[in-house]
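When reading the values below, keep in mind they use all heavy atoms of this one structure, side chains included, and skip hydrogens, waters and symmetry mates. Values in this document were obtained by computation on a predicted structure and should not be read as measured data.
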Amino acid sequence: MANKKQPVDFEALLSTIDAAFPMVQILDKDGKVVNEDIMPDLSDDQLVELMEKMVWSRILHERSMALARQGRLGFYAPTAGQEASQMASYFAFEKEDELYPGYRDVPQLIQHGLPVSKAFLWSRGHAEGNQYPEDLHAMPPQIIIGAQIIQAAGAGLGLKKRGKQNVAFTYTGDGGSSQGDFYEGMNFAGAYKAPVVFFVQNNGYAISTPRHKQTAAVTLAQKAVAAGIPGIQVDGMDPLAVYSVAKQAREWALAGNGPVLIETVTSRFGPHSTSGDDPTRYRDQESFDYWEQRDPLIRFRNFLTEKGLWSEEKEQALIEKTQEEIKASAKEADQAPKQKVSDFLKNMFEEPTQVISEQIAAFEAKESK
């Protein structure tokens, strides 16, 4: 009896699952092509445009950090290090696709059509920061961790029922993949074959909680298996790999096959947010050094320079132009009318209750003095 064969080899099951999700990569950390077979069909102009968006995003981050230190922004979630994950993935979608961002995904939202000044007002908690242009196919950044996954699933089903040739796409972090909404949204979208692309930007930490303490799964991409949908892990510091996978996922979803989950393995170079987080308390210097050597801007810059498409002069001109545009947007945000308590009360209900009406009158009297 001691040698009786067991009905299940649990270790073999786990190793089989883990091996099914290799990381997709096209450029190595030095910008050299390591997988020519899956190079995306992008023109030289498109390659340059993608790099411009990534540089723009890095400058937006740097200026936002400066504005936050000056007290001119409220909540801000740094994006440095995630330019390939954010800009290259966004590059694969269309303006009519529905974007459901998390709070770290303001760069994609601006690229989708949100004025920078409104993004700054949103950070300040100003009501105008949530007043979007009618032709902007997006929702404001979701603060509730993972809630955008459910929103995107519903939007995707709506697009399908209306016969629209568009998809919904949404972003969360590795922390978001530990939320119940994450599983529920994927399961719903999978069951109804809704055209949705789910991105998990695995930057290694849910604030200070490392990914390995959140889940026993070797990859986050394999969590798609439970929802019966494809899951892919991609090098999130490699813009060409991110774009290629995102574009294929969009085409798959648009063809009626249902949703896709994409895990982009990336890193945030700084704190989780400007709200008191200190990453040096939970990350060692080796971690910072490892990821800085894989900086997506350096990687893509090397690739484009080798092709004769990029130069230091071109990048510096773009930096200066972007800085001036952001400066003007910050000034525009500064000129927004100050919010009043009476306005908050007026926005609470479509028809104010008697108590709210009395409060509005009381505050208006104070504000008029």
Student: For T353, is there any backbone N or O sitting under 3.5 Å from a side-chain donor or acceptor partner on S357?
Tutor: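 Yes, because the side chain of S357 sits within donor-acceptor range (under 3.5 Å) of the backbone of T353.
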Student: Does R294 come within less than 4.0 Å of D30, counting only side-chain N to carboxylate O?
Tutor: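 Salt bridge: no.
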Student: Is the backbone of I150 close enough, under 3.5 Å, to the side chain of D181 for a donor and an acceptor to pair up by distance?
Tutor: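 No; judged by distance alone, with no hydrogens or angles, the pair does not exist.
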Student: Should L60 and F91 be regarded as members of a common hydrophobic cluster, given that ILVMFWY residues are connected when their side-chain heavy atoms come within less than 4.5 Å of each other, either directly or indirectly?
Tutor: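 The answer is yes; both residues are in one hydrophobic cluster.
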Student: Considering only heavy atoms from C-beta outward, does the side chain of M139 approach that of L99 to under 4.5 Å?
Tutor: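 The answer is no, as the side chains (C-beta and beyond) never meet within the 4.5 Å cut-off.
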Student: Tell me whether the NZ or CZ atom of R283 lies within the 45° cone about the ring axis of F288 and under 6.0 Å from its centre.
Tutor: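 Here R283 passes the 6.0 Å and 45° test against F288.
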Student: Would you mind reporting whether P239 and L50 have side-chain heavy atoms less than 4.5 Å apart?
Tutor: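 Yes, side chains in contact.
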Student: When rounded to the nearest 0.5 angstrom, what is the spacing between NE2 in H61 and CZ in R268?
Tutor: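 Result: 11.5 Å between the selected atoms.
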Student: Does a side-chain heavy-atom distance below 4.5 Å link K160 with K193?
Tutor: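 Yes; the side chains approach each other to less than 4.5 Å.
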Student: Will you find, in the side chains of T280 and D278, an N or O donor that is under 3.5 Å from an N or O acceptor?
Tutor: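 A pair is found: one side chain offers a donor N or O, the other an acceptor, under 3.5 Å apart.
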Student: Looking at V34, is its backbone amide N or carbonyl O close enough to the side chain of Q25 to form a donor-acceptor pair, meaning the two atoms are under 3.5 Å apart?
Tutor: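 Such a contact is absent between Q25 side chain and V34 backbone.
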Student: Could you give the distance from CD1 (I145) to OG (S177), rounded to the nearest 0.5 Å?
Tutor: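 Atom-to-atom, I145:CD1 and S177:OG are 11.0 Å apart.
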Student: With no hydrogens and no angle check, just 3.5 Å: does a side-chain donor-acceptor pair link S85 and T264?
Tutor: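 Distance-only check passes for S85 and T264.
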Student: With a 3.5 Å distance limit and no angle check, can you tell me whether R299 reaches the backbone of D28 through a side-chain donor-acceptor pair?
Tutor: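 Here the side-chain-to-backbone pair exists.
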Student: Of the non-hydrogen atoms in T274 and F75, which two are nearest, and what is the gap between them?
Tutor: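 Of all heavy-atom pairs spanning T274 and F75, the closest is OG1-C, 4.4 Å.
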Student: Please walk me through it: do Q82 and Q201 pass side chain to side chain contact (heavy atoms under 4.5 Å, CB included)?
Tutor: CA-CA 8 Å; Q82 296 189 205; Q201 299 187 92; 3.3 Å; yes
Student: For R250, is there an ion pair with D97 - N to carboxylate O distance below 4.0 angstrom?
Tutor: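 Judged by the 4.0 Å cut-off on N to carboxylate O distance, D97 and R250 do form a salt bridge.
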Student: Between S244 (side chain only) and A241 (backbone N and O only), is there a donor and an acceptor less than 3.5 Å apart?
Tutor: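 No.
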Student: Do D289 and Q293 pair up side chain to side chain, a donor and an acceptor below 3.5 Å, judged on atom types alone?
Tutor: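 Checked: D289/Q293 side chains show no N/O donor-acceptor pair below 3.5 Å.
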Student: Using 0.5 Å steps for rounding, measure from the CE atom of M87 to the CE atom of M51.
Tutor: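 Those atoms lie 13.5 Å apart.
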Student: Using the ring-ring contact (aromatic ring centres under 6.0 Å, His included) rule, pick out the option among Y103, Y205, Y282 that qualifies with H272.
Tutor: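 In the set Y103, Y205, Y282, the residue that makes a ring-ring contact (aromatic ring centres under 6.0 Å, His included) with H272 is Y103.
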Student: Kindly say whether G125 contributes a backbone atom to a donor-acceptor pair with the side chain of Q339 at under 3.5 angstrom?
Tutor: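 Side chain of Q339 to backbone of G125, a donor-acceptor pair under 3.5 Å: yes, one is there.
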Student: Of all the heavy-atom pairs spanning P22 and A19, show the shortest one and how long it is.
Tutor: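 Closest heavy-atom pair between P22 and A19: CD-O, 3.8 Å.
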Student: Can you find a side-chain donor-acceptor pair between Y183 and K223 that sits under 3.5 Å?
Tutor: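 On atom types as modelled, these side chains qualify, holding a pair under 3.5 Å.
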Student: Testing the 3.5 Å rule here: is there a donor-acceptor pair between the side chains of E263 and N202?
Tutor: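 N202 and E263 do have a side-chain donor-acceptor pair below 3.5 Å.
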Student: Would you say V33 and L27 make side-chain contact, with heavy atoms under 4.5 Å?
Tutor: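 The answer is yes, as the side chains (C-beta and beyond) meet within the 4.5 Å cut-off.
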Student: Is it true that a side-chain atom of R63 and a backbone atom of Q323 form a donor plus acceptor pair closer than 3.5 Å?
Tutor: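 The answer is no, because no donor-acceptor pair under 3.5 Å joins these two groups.
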Student: Decide yes or no for L254 and Q165: does some side-chain heavy atom of the first lie under 4.5 Å from some side-chain heavy atom of the second?
Tutor: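 Yes, close enough: below the 4.5 Å cut-off.
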Student: Look up atom CD in E62 and atom OG1 in T79, then write down how far apart they are to the nearest 0.5 Å.
Tutor: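 Answer rounded to 0.5 Å: 9.5 Å.
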Student: Are D343 and K338 close enough, and set up right, to give a salt bridge (Lys or Arg N to Asp or Glu O under 4.0 Å), and what steps lead you there?
Tutor: CA-CA 10 Å; D343 291 332; K338 300 297 182 183; over 6 Å; no
Student: Between P141 and V106, is any pair of side-chain heavy atoms under 4.5 Å apart?
Tutor: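 The answer is yes, as the side chains (C-beta and beyond) meet within the 4.5 Å cut-off.
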Student: Side chain to side chain contact (heavy atoms under 4.5 Å, CB included) for Y100 and F169? Distances and angles first, verdict last.
Tutor: CA-CA 6 Å; Y100 287 80; F169 63 116; over 6 Å; no
Student: Which word best sums up how the rings of F93 and F199 line up, parallel for under 30°, tilted for 30 to 60°, or perpendicular for over 60°?
Tutor: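 Geometry flag for F199 against F93: perpendicular rings.
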Student: Could you tell me whether the side chain of D284 reaches within less than 4.5 Å of the side chain of E286, counting heavy atoms only?
Tutor: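 Yes, close enough: below the 4.5 Å cut-off.
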Student: Which pair of heavy atoms, one from V196 and one from A253, lies closest together, and at what distance?
Tutor: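 Minimum heavy-atom separation between V196 and A253: N-CB, 4.0 Å.
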Student: Heavy atoms only: give me the nearest A333-S117 pair and the separation to one decimal.
Tutor: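 That closest heavy-atom pairing would be CB-O, 3.8 Å.
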Student: Is P337 close to E128 at the side-chain level, that is, under 4.5 Å between some pair of heavy atoms?
Tutor: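 Result yes, sub-4.5 Å side-chain heavy-atom pair found.
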Student: Looking only at the side chains, is there a donor atom on one of N166 and E98 sitting less than 3.5 Å from an acceptor on the other?
Tutor: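 There is no such pair between these side chains.
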Student: May I ask you to decide if K53's main-chain N or O and S57's side chain share a donor-acceptor pair within less than 3.5 Å?
Tutor: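 No, S57 side chain to K53 backbone: no donor-acceptor pair under 3.5 Å.
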Student: Would V48 and D44 count as a side chain to side chain contact (heavy atoms under 4.5 Å, CB included) if you check the C-alpha gap in whole Å, the side-chain angles of each, and the deciding distance to 0.1 Å?
Tutor: CA-CA 6 Å; V48 170; D44 288 350; 5.6 Å; no
Student: Looking at Y171, is its backbone amide N or carbonyl O close enough to the side chain of Q148 to form a donor-acceptor pair, meaning the two atoms are under 3.5 Å apart?
Tutor: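 Pair found, side chain donor or acceptor close to backbone of Y171.
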Student: Does the side chain to side chain contact (heavy atoms under 4.5 Å, CB included) test come out yes or no for I110 and W56, once each step is laid out?
Tutor: CA-CA 11 Å; I110 294 172; W56 167 85; 3.5 Å; yes
Student: Quick check: closest heavy atoms across A189 and P259, and the distance to 0.1 Å?
Tutor: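 Nearest heavy atoms, A189 then P259: O-CD, 3.5 Å.
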Student: Flag the pair R58 and D295 as a salt bridge only when some basic side-chain nitrogen lies within less than 4.0 angstrom of an acidic carboxylate oxygen.
Tutor: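 Judged by the 4.0 Å cut-off on N to carboxylate O distance, R58 and D295 do form a salt bridge.
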Student: Does the structure place the NZ or CZ of R301 under 6.0 Å from the centre of the six-membered ring of F303, at an angle of no more than 45° from the ring's axis?
Tutor: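 Judged by the rule, R301 and F303 form no cation-pi pair.
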Student: With rounding to the nearest 0.5 Å, note down the distance linking CD in Q316 to OG in S311.
Tutor: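 It comes to 10.5 Å.
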Student: Using atom types as modelled and distance alone, determine if a side-chain donor or acceptor of D235 lies under 3.5 Å from a backbone N or O of V24.
Tutor: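 No; judged by distance alone, with no hydrogens or angles, the pair does not exist.
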Student: Got a second to check how far L73's CG is from R124's CZ, nearest 0.5 Å?
Tutor: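 Interatomic distance, L73 CG to R124 CZ, rounded to 0.5 Å: 6.0 Å.
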Student: Can you tell me if OH on Y192 sees more than 12 non-hydrogen neighbours from other groups inside 6.0 Å?
Tutor: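 For Y192, atom OH is not crowded (no more than 12 foreign heavy atoms under 6.0 Å).
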Student: Determine whether the side chains of N187 and E184 contain a donor N or O and an acceptor N or O closer than 3.5 Å.
Tutor: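 Absent: no donor and acceptor within the cut-off.
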Student: Check the side chains of K118 and Q131 for a donor-acceptor pair under 3.5 angstrom, ignoring hydrogens and angles.
Tutor: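 Side chains of Q131 and K118: no pair found under 3.5 Å.
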Student: Flag yes if more than 12 heavy atoms outside K95 fall under 6.0 Å of its NZ atom; otherwise flag no.
Tutor: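 Counting neighbours around NZ of K95, more than 12 heavy atoms of other residues, nucleotides or ligands fall under 6.0 Å, so yes.
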